[in-house]
Protein chains: 2
Amino acid sequence: MKTKTLGDSHSLEQIRQRFVEAAGHVTQSLGAGRVIGQVYAYLYFSRKPQSLDDLTKVLEISKGSASMSVRQLEQWGALRQVWIKGDRKDYYEALDSFGKILRKALLDLIGRRMEVGDGLLEQVEGLLEEKGTSTQPTQEDLEFVQKKIALIRAFRDRTQRIWDSSILTLLLK
Amino acid sequence: MKTKTLGDSHSLEQIRQRFVEAAGHVTQSLGAGRVIGQVYAYLYFSRKPQSLDDLTKVLEISKGSASMSVRQLEQWGALRQVWIKGDRKDYYEALDSFGKILRKALLDLIGRRMEVGDGLLEQVEGLLEEKGTSTQPTQEDLEFVQKKIALIRAFRDRTQRIWDSSILTLLLK
DNA sequence: TGCTACGTTCAATACGAATTGAACGCATTA
DNA sequence: TAATGCGTTCAATTCGTATTGAACGTAGCA
């Protein structure tokens with residue numbers, strides 16, 4: 001039991017392994033784990049649905065990892081569960097709507113990280129409104145900060161539009 | 001010596017700290033450290049150039065961190081070094097061409113991570129060319145893999161165009 | 001009803017990357 | 001020329017987070 005899957009061709013199996021490895025790096029650099037990419041790539045290059053058990057053996061990952069990765073990928077619409085009658089295991093096959101998948105995944109990953117900064121500009125602008133009437137801070141300081149924040153807002157708004165229109169909609173197609 | 005900088009206004013100082021914190025999160029999630037963002041935000045909201053020494057005190061980071069961050073930011077065109085005569089310290093002030101800065105930073109960060117996967121498609125397609133003539137692998141397997149890889153290439157080319165045109169050029173303006 | 005084989009969960013662990021800080025080199029000044 | 005005050009470097013450390021694996025719940029089967 002040395003190599004399994006995808007016929008016996010050495011070079012084809014080699015190619016799959018290359019993709020598994022590369023996908024692992026990609027997802028890792030995107031801030032999802034390495035395993036997620038590996039699982040998807042492996043399933044993508046599998047002719048038949050594979051079980052969690054297969055994944056743990058081939059990718060040498062734990063049962064827990066396999067389970068969690070598969071669930072994450074399912075939520076991103078990257079996998080489909082397949083029942084094989086007379087078999088108690090769950091089987092999975094990869095879907096290939098890369099655009100939709102990437103879109104969901106990015107929104108998820110980015111959203112997960114941007115909570116903190118989100119709404120900061122609005123909050124701060126609110127604070128400045130209040131202070132605008134008071135005279136506590138020196139007029140100079142107030143103007144300085146307002147000017148700086150205005151620059152940020154302008155840039156934010158511009159990139160926001162680009163992001164919304166270009167990326168997401170185009171990835172959808 | 002409790003609070004320094006930016007006048008004495010509590011609320012304005014508060015605002016700066018908010019931005020420092022937020023910027024730290026952003027750069028961290030982008031895969032550059034937390035410190036990079038903090039340093040930039042602090043300088044951006046400083047009226048006068050600041051020294052490494054200032055940074056270590058205000059941001060509570062080590063001299064090493066301050067030095068490395070400043071250098072990185074300089075390479076991204078985010079900072080400008082300022083000499084103050086009669087002072088042996090180096091001073092820095094933030095530049096605000098956000099577009100150019102982000103562009104350089106992203107190219108750098110992404111480039112740093114994509115080395116692995118880069119050229120993979122080309123390599124693999126090369127391998128498949130060779131195998132195309134041999135009959136080692138079953139015809140079915142060969143076709144399967146070729147089809148799968150073609151899908152990936154199509155997607156890669158499409159997103160590549162979007163990335164090149166939309167993002168980078170627009171960020172330049 | 002108990003037994004088996006599976007998937008899930010989450011506290012413990014391992015791992016990689018960010019950060020530190022001591023050692024160093026290089027200016028500047030006396 | 002020595003002494004002082006910088007910035008830089010990089011091995012050691014710390015810290016966050018991905019991964020593990022043992023314990024658990026559950027569904028099917030005898």
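We name chains A, B, ... by the order of the sequence lines, and we start the count at 1 in each one.
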d(CZ, Arg34(B); C1', dC15(D)) in whole Å: 10 Å
With a non-hydrogen cut-off below 4.0 angstrom, is Asp90(B) in contact with a base, only sugar-phosphate, or nothing? sugar-phosphate
Look at Arg153(A) together with Glu122(A) and state whether they make a salt bridge at an N to O cut-off of under 4.0 Å. yes
What is the nucleic acid contact for Val70(B), judged by heavy atoms within less than 4.0 Å: base, sugar-phosphate only, or nothing? nothing
Which is true for Gly31(A) with a 4.0 Å heavy-atom rule: it touches a base, it touches only sugar-phosphate, or it touches nothing? sugar-phosphate
Under 4.0 angstrom, heavy atoms only, what part of the nucleic acid is Gln81(A) near: base, sugar-phosphate, or nothing? nothing
What string of B, S and - do you get for nucleotides 21-30 of chain C, 5' to 3', when a contact is any protein heavy atom under 4.0 Å? B-----B---
Under 30°, 30 to 60°, or over 60°: which ring-plane class applies to Phe98(A) and Tyr40(A), parallel, tilted or perpendicular? perpendicular
Just N and O in the side chain of Ser67(B): are any of them under 4.0 Å from OP1 or OP2 of dG7(D)? no
Proximity to the side chain of Arg71(B) - top-ranked nucleotide from dT9(D), dG7(D), dT8(C): dT9(D)
Measuring only between side-chain heavy atoms, which start at C-beta, is Phe144(B) closer than 4.5 Å to Leu12(A)? no
Under a 4.0 Å threshold between the charged nitrogen and the carboxylate oxygen, would Asp157(B) count as salt-bridged to Arg161(B)? no
Does any non-hydrogen side-chain atom of Leu55(B) lie less than 4.5 Å from one of Tyr92(B)? no
Whole Å only: how far is the CD atom of Gln72(B) from the P atom of dT9(D)? 13 Å
Starting at CD1 of Ile61(A) and ending at C1' of dC15(C), how long is that distance when rounded to a whole Å? 17 Å
Would you check if Phe45(A) and Ile149(B) make a side-chain contact, meaning some heavy-atom pair closer than 4.5 Å? yes
